Novice: 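Quick one: structure below, then a few questions.
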Amino acid sequence: MASVLEALEALEAEARSAFAAVRSAEDLEKVRIEYLGKKGKLKDAKAQVGQAAAEDRPKVGARAKELEAAVQGCFEEAQARLASGGPALSGVEALRDERLQKLKKYEAVHGAGSAWGARFANLSAIEELRKKFPPLAEGQQPDSNQTLGTGRIAARVMLRRDQSKKLIFLTVADQSGELQVALWNKKLPEATLDLLRESLDLWDLIGVEGELAYTQRGEPTLWATEIKLLTKCLAPPPEKHHGLTDKETRYRHRHLDLISNPDSRKAFITRAKLVSGVRRFLDDQGFLEMETPVLQTIPGGAAARPFKTHLNALGIDMFMRIATEIPLKKLLVGGLDKVYELGRIFRNEGVDYSHNPEFTTVELYQAYADLRDMMALVENLVSHLARELTGGTTVTFRGKPVKLGAPWPRLDYCELLEKHAGVKATDEAGLDRKIREAGENPEGLSMVDKIDSVFGTYAEPHLTDACFVINQPVEMSPLCKAHPEDAAKAHRFEAFAASMEIANAYSELNDPLEQRKRLAAQMRETWAKFMREVLDEPGASIGADLKIGIEGLVQRVEHSADWQPTGDSDANRLLRSIETQVKTWKRKDYFFERMQRLEDPSLLIDEDFLHALEHGMPPAGGMGIGIDRVCMLITGCDSIRDVILFPLMRPEKNA
RNA sequence: GAGGGGGUAGCUCAGGUGGUAGAGCAACGGAUUUUUAAUCCGUUGGUCGGGGGUUCGAGUCCCCCCCUCCUCACCA
């Protein structure tokens with residue numbers, strides 16, 4: 001013990017005199033590394049604590065702590081004495097500083113601002129230049145003296161291999177691919193080569209003009225005769241071989257992902273082609289692309305929860321659209337017979353591998369057509385896109401093959417239910433049993449909800465290859481015509497692939513009287529459902545009076561076909577009572593949001609839409625396709641986040 | 001909302017039972033005139049997600065919080 005303690009004392013004395021003797025910033029850095037550095041003497045000393053006898057460790061440990069503080073103090077003292085411009089740079093700052101130095105070095109020769117480049121015209125894509133290299137036969141020795149023409153490219157430096165001070169190989173990449181560039185003193189002025197050797201970093205953007213020739217190893221290479229820095233990269237790039245794998249970083253900083261991961265870049269290029277392919281396909285069939293409002297006062301066309309926003313100029317609340325259906329149908333009324341809209345819609349709901357709050361759909365409507373036209377259209381469209389973008393009609397999703405080739409089988413909704421769940425759609429007790437088997441509670445669910453729940457749990461997982469599910473119960477489809485041969489069924493299909501719904505189509509309901517009935521029924525159902533939820537909310541205590549009032553209202557809503565919330569003073573009184581009680585509930589935000597929707601009846605019955613139908617909407621086929629999901633299938637991406645450039649991410653909190 | 005995996009150098013990752021954080025790549029210095037994830041020699045670089053606790057000593061043990069991925073739930 002004595003010896004360890006003595007050693008510590010001696011080290012402190014030694015460090016004090018060493019730091020005291022420092023006369024320059026360089027010396028200080030040396031002494032700092034000697035004592036405080038990673039392999040410095042202080043580390044060695046601290047390591048000895050563990051070697052000391054167990055009973056001595058407390059004393060020795062405490063002394064080592066003092067020593068560390070003392071030496072750190074010596075360093076700071078010396079630093080202050082020299083006034084050497086603040087603490088040493090560390091980590092990413094040091095790397096950035098190195099690059100700044102190189103930037104200055106380059107600009108010292110080429111002038112201020114030269115590191116940020118300018119127009120560099122008459123470029124070839126790397127992909128095009130590579131085509132100028134004749135393919136080499138197996139084992140064939142390339143003629144490295146033969147020039148195969150010239151090339152001019154702009155690209156990012158991905159790899160750098162210095163063979164010597166006279167020859168440097170770079171691997172550079174542009175959007176189309178990678179190519180080797182050689183900087184050689186026999187092709188490039190010595191001064192240029194020297195400057196670049198000392199100032200060129202990975203991920204810098206450069207412009208190169210030169211001769212095309214194989215190397216002796218047969219690598220297609222652009223031998224630079226002129227080279228310019230087009231943009232300096234100041235931030236340190238990710239690891240050159242493994243690239244960027246951390247998903248969070250990839251989503252938050254997509255630009256890094258696109259540079260580092262060619263597969264990711266390829267997926268988004270494919271997505272762009274897919275979107276333009278959809279447009280071309282529809283345009284070629286005479287559809288016109290329309291642009292309808294994103295901001296709406298009544299978010300209709302679906303039952304999803306909307307995002308709410310506020311328009312200052314008019315002092316009104318507005319909503320982001322949850323579908324494009326309603327305005328497009330008004331265009332059918334207006335005499336535009338084949339219309340579509342491809343764009344973003346917004347739903348204030350969950351996030352998982354196949355859901356993002358904002359996503360892209362294409363909705364299309366064709367007058368005087370029906371479901372059958374929509375079927376032909378979507379199966380041709382999707383198999384056409386698959387063939388064009390992947391070369392085939394069978395894709396791989398989550399490790400399993402998925403067939404997208406037309407024609408897709410037509411599967412009856414109720415038959416699927418019976419086949420996979422073993423119950424009939426009319427068998428309420430059976431449905432309840434299946435819901436309980438899945439660990440859910442069927443109480444409070446409407447018949448439609450029950451059927452939907454069982455179908456989702458038992459049938460959807462089996463819908464791997466692209467298929468049409470048809471003949472849904474009509475209650476599930478409020479905007480859809482009844483089936484011409486069976487009024488209980490909807491003239492509707494949902495297209496599934498890989499267990500995801502990728503399209504949904506109707507023979508559109510154009511009877512304004514029937515439409516009003518359906519919307520009213522849906523509205524009453526929503527009211528009743530909300531009231532029942534309030535009654536069932538676990539942990540919520542509501543007074544006996546209120547309970548009776550709510551139960552009464554539910555009865556009234558469910559049994560009177562023409563019930564309207566407007567003017568029902570009982571309903572408003574109940575809402576106010578609920579409002580005061582809900583304030584302390586755990587899920588109060590959820591309930592307040594639902595209450596707000598219920599307070600404005602126009603949110604549930606879109607009178608303007610019904611009025612439009614009364615002017616005559618032609619019978620029509622209509623369809624919505626989930627572009628993101630189709631894109632997942634065609635690019636083979638397992639998550640919707642891999643096909644959305646900037647998926648939703650919780651903001652990072654800085655501590 | 002529930003369960004599980006993860007957060008360590010700029011990047012990719014190691015770190016039995018607490019002993020004072022390592023490697024590869026990148027960076028810096030040097031060698032190298034046809035390499036290709038170039039190679040060889042040397043060097044620097046870390047509030048180990050954040051906060052608190054136990055301890056002489058915490059990446060490691062305990063508590064709280066944050067972010068993320070996966071599965072499930074929710075979701076026309």
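Order of the sequence lines fixes the chain letters, A, B, ..., with proteins taken first and strands second; residue numbering starts at 1 for each chain. These numbers come from the heavy atoms of this one structure, side chains and all, not from hydrogens, waters or symmetry mates. On a predicted model such as this, the values are computed, not experimentally measured, just so you know.
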Novice: Any idea which of B:C11, B:U33, B:A26 is nearest the A:L202 side chain?
Specialist: B:A26
Novice: Please tabulate the protein-to-nucleotide N/O contacts below 3.5 Å involving nucleotides 6-9 of chain B, giving atom names and distances.
Specialist:
from : atom 1 : to    : atom 2 : distance (Å)
B:A9 : N1     : A:K38 : NZ     : 3.0

Novice: For A:N145 and B:U33, what is the distance between atoms CG and P respectively, to the nearest whole Å?
Specialist: 19 Å
Novice: When you get a sec, tell me which of B:U12, B:G10, B:A76 is the closest nucleotide to the side chain of A:L95?
Specialist: B:G10
Novice: Assign each of A:T457 and A:G301 to its nearest nucleotide of RNA chain B by heavy atoms, then name whichever residue's nucleotide is nearer the 5' end.
Specialist: A:T457
Novice: Mind checking who B:A2 pairs with, Watson-Crick or G-U wobble, both distances under 3.5 Å?
Specialist: B:U71
Novice: Contact class for A:G456 vs. all strands (heavy atom < 4.0 Å): base, sugar-phosphate, or nothing?
Specialist: nothing
Novice: Check A:E501 with A:R629, please: is the shortest side-chain N to carboxylate O separation under 4.0 Å?
Specialist: no
Novice: Show the distances under 3.5 angstrom between N or O atoms of the protein and N or O atoms of nucleotides 70-72 of chain B.
Specialist:
from  : atom 1 : to     : atom 2 : distance (Å)
B:U71 : OP1    : A:R398 : NH1    : 2.6

Novice: Within the structure provided, determine whether A:K232 and A:L234 are in side-chain contact (heavy-atom separation under 4.5 Å).
Specialist: yes
Novice: Among B:C75, B:U36, B:A76, find the nucleotide with the atom closest to the side chain of A:Y506.
Specialist: B:A76
Novice: A:Q163 near the nucleic acid: base, sugar-phosphate alone, or nothing, with a heavy-atom cut-off under 4.0 Å?
Specialist: base
Novice: Using side-chain contact (heavy atoms from CB on, under 4.5 Å) as the criterion, point out the one residue from A:R518, A:R492, A:Q522, A:K329 that pairs with A:L479.
Specialist: A:K329
Novice: Need one value for A:E349: base, sugar-phosphate or nothing, where a base atom within 4.0 Å counts as base even if backbone is also close, heavy atoms only.
Specialist: sugar-phosphate
Novice: Any base atoms under 4.0 Å from A:E494, or only sugar-phosphate, or nothing? Heavy atoms, all strands.
Specialist: nothing
Novice: Which of these nucleotides, B:U44, B:U32, B:A31, is closest to any side-chain atom of A:K165?
Specialist: B:A31
Novice: Looking only at the side chain of A:W184 (C-beta and beyond, no hydrogens), which of the listed nucleotides B:U34, B:G10, B:U35 gets closest?
Specialist: B:U34
Novice: Taking any heavy-atom pair under 4.0 Å as a contact, classify A:T171: base, sugar-phosphate, or nothing.
Specialist: nothing
Novice: Applying a 4.0 Å non-hydrogen cut-off, can you work out what A:M476 is touching in the nucleic acid: base, sugar-phosphate, or nothing?
Specialist: nothing
Novice: Considering only side-chain heavy atoms of A:K240, which listed nucleotide, B:A37, B:A27, B:U35, is closest?
Specialist: B:A37
Novice: If the plane angle is over 60° it's perpendicular, under 30° parallel, otherwise tilted; pick one for A:F455 and A:Y413.
Specialist: parallel
Novice: Using a 4.0 Å heavy-atom cut-off, does A:K187 contact any base of the nucleic acid, only the sugar-phosphate backbone, or nothing at all?
Specialist: nothing
Novice: Is the closest side-chain heavy-atom distance between A:L519 and A:Q515 below 4.5 Å?
Specialist: yes
Novice: Taking the cut-offs as 6.0 angstrom to the six-membered ring centre and 45 degrees off its axis, would you call A:R398 and A:Y353 a cation-pi pair?
Specialist: yes
Novice: Taking atom C1' in both B:U43 and B:C25, compute the distance separating them and give it to the nearest angstrom.
Specialist: 16 Å
Novice: When you get a sec, tell me which of B:U44, B:U33, B:U35 is the closest nucleotide to the side chain of A:F169?
Specialist: B:U35
Novice: Measure from the side-chain heavy atoms of A:R32 and tell me the nearest of B:G45, B:A27, B:U35.
Specialist: B:G45
Novice: Is there a donor in the side chain of A:Q141 and an acceptor in the side chain of A:R217, or the other way round, less than 3.5 Å apart?
Specialist: no
Novice: Can you tell me which nucleotide in B:A26, B:U34, B:U36 comes closest to the side chain of A:Q216?
Specialist: B:U34
Novice: Quick one: A:D449 CG to B:A73 C1', roughly how many Å, whole number?
Specialist: 16 Å
Novice: Students often get this wrong, so: under 4.0 angstrom with heavy atoms, is A:W223 touching a base, only sugar-phosphate, or nothing?
Specialist: base
Novice: Pairing donors with acceptors under 3.5 angstrom, does anything connect the side chains of A:T171 and A:R161?
Specialist: yes
Novice: Applying a 4.0 Å non-hydrogen cut-off, can you work out what A:I168 is touching in the nucleic acid: base, sugar-phosphate, or nothing?
Specialist: nothing
Novice: Suppose you measure atom P in B:G3 against the same atom in B:A73; what distance do you get, rounded to whole Å?
Specialist: 16 Å
Novice: Is it true that the NZ or CZ of A:K434 lies under 6.0 Å from the centre of A:Y458's six-membered ring and within 45 degrees of the ring axis?
Specialist: yes
Novice: Kindly point out which of B:U34, B:U36, B:U44 is positioned nearest to the side chain of A:I33?
Specialist: B:U44
